[in-house]
Amino acid sequence: MKTAAHFDQPSEFELIKRYFTHPCSQALLGVGDDCALLSAPKQEVLAISSDMLVEGQHFFSGTDPYRLGYKSLAVNLSDLAAMGAKPLAFTLALALPNNNPEWLAAFSKGMMSLAKAHHCDLIGGDTTRGPLTISITILGSVAPQSTLRRDMACIDDDIWVSGELGDARLALAILRGSAETECVAQSITEHELQQIMARLECPEPRIALGLALYGLAHAAIDISDGLISDLSHILTRSQCGASIYLARLPISAILIKQPQTVQQLCLLAGGDDYELCFTAPFSARSAIYAVSHRLKLKLTRIGKVEIQQGLRLLDHNEQIMYFDKTGFDHFV
Ligand code: ADP
Ligand code: MG
């Protein structure tokens with residue numbers, strides 16, 4: 001569509017050609033025509049998801065463009081991982097305040113590095129002038145019987161999480177720089193800061209894990225809004241409850257040095273972890289540990305699905321804890 005809000009034709013088309021036209025490995029036809037052409041592998045269905053990142057809302061102004069490109073695709077790949085789907089292709093709708101070539105080159109490089117690693121083709125999109133907004137729609141493929149849905153958790157399933165939780169939220173606290181976080185920042189070395197910033201800005205989508213959980217997990221979700229919030233989605237959709245053990249939550253060597261209130265907030269309500277939370281029967285335990293070993297990815301059993309509705313958090317003495325996110329408002 002040609003409107004006043006669009007770039008002048010030559011620069012818009014030049015920009016698309018220069019930064020967003022790449023060879024495709026899976027699609028029949030990619031960028032440059034009215035539509036892209038793509039078929040799903042035989043016997044499989046398409047898994048489709050969109051995520052939008054808005055400057056000031058989902059990322060700070062001045063975020064490194066390479067990392068921003070990388071993360072924009074990573075959060076979409078993470079949705080495919082949580083569904084047990086294999087990446088195929090994505091479209092990119094971009095609103096740009098200007099067409100700064102250095103910014104665009106770095107953004108495209110970050111995004112395409114991850115796209116290539118996952119054989120996920122950029123097949124089209126739209127480009128317009130406006131406040132910096134990145135909207136990706138991703139397509140993956142999955143055999144219908146191997147999808148990892150939110151509504152399939154069963155009573156007595158173990159609850160698992162991948163990796164470690166909370167580091168991204170700790171990095172966010174430091175970036176926000178409130179009075180409390182100055183104390184946090186002082187106890188963190190420059191090297192540790194780099195590590196947690198990478199967790200916030202370059203999350204690793206757990207595609208291989210999602211695929212490996214075929215036949216093992218009943219339900220899964222990726223942790224984008226925090227463990228409590230995202231696990232609650234599984235429980236609500238599956239019409240069951242759960243208990244999780246605070247002492248079992250996988251915590252990093254960096255976060256464990258923080259005050260307990262900070263640890264709990266980051267672990268439980270952090271967000272931006274992009275780890276997978278999944279449920280699986282007792283009978284799958286040894287196979288899941290084998291997956292962990294093969295993928296060199298920590299997988300931790302943190303609790304159990306129960307018939308009693310609601311999510312219970314148990315402390316070191318197995319007593320129910322009341323975790324109220326609003327109790328940490330100064331930190332949010
Ligand atoms: P139309 O007017 O038919 O929608 P456009 O002029 O918007 O076409 O886009 C031309 C081609 O470039 C299309 O194939 C479109 O999918 C692709 N495209 C536009 N913007 C992007 C982008 N940011 N990334 C990838 N492909 C893009
Ligand atoms: Mg268009």
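Atoms within each ligand, like the ligands themselves, are counted from 1 in listed order.
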Output the list of atoms in ligand 1 that are nearer than 4.0 Å to some heavy atom of [X], sorted by atom number.
X	answer
Val31	12 (O), 14 (O), 17 (C), 25 (C), 26 (N)
Thr127	19 (C), 20 (N), 21 (C), 22 (C), 23 (N)
Asp34	3 (O)
Phe13	6 (O)

Would the Trp103 and Tyr66 ring centres measure less than 6.0 Å apart?
-> no
Partners of Tyr214 by ring-ring contact (aromatic ring centres under 6.0 Å, His included), sequence neighbours excluded?
->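 Per chain and number, Tyr214 pairs via ring-ring contact (aromatic ring centres under 6.0 Å, His included) with no residue.
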Between the candidates Asp33, Asp126, Ile134, which shows the shortest non-hydrogen contact distance to atom 7 (O) of ligand 1?
->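 Of the listed residues, Asp126 has the closest heavy atom.
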Could you pull out all residues at least two apart from Lys109 that satisfy side chain to side chain donor-acceptor pair (under 3.5 Å)?
->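 Partners of Lys109 by the side chain to side chain donor-acceptor pair (under 3.5 Å) criterion come out as none, since no residue qualifies.
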Give a yes or no on whether the backbone of [Y] and the side-chain of [X] come within a donor-acceptor separation of less than 3.5 Å.
X	Y	answer
Arg312	Gln308	yes
Asp222	Cys277	no
Asp33	Leu29	no

Specify side chain, backbone, both or neither for Ile16, according to which of its non-hydrogen atoms lie closer than 4.0 Å to ligand 1.
-> side chain
Is there any N or O on Gly125 that sits under 3.5 Å from an N or O of ligand 1?
->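 Between Gly125 and ligand 1 (N or O atoms, distance only) the closest approach is under 3.5 Å.
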Could an N or O of ligand 1 be found under 3.5 Å from any N or O of Gly32, whether backbone or side chain?
-> yes
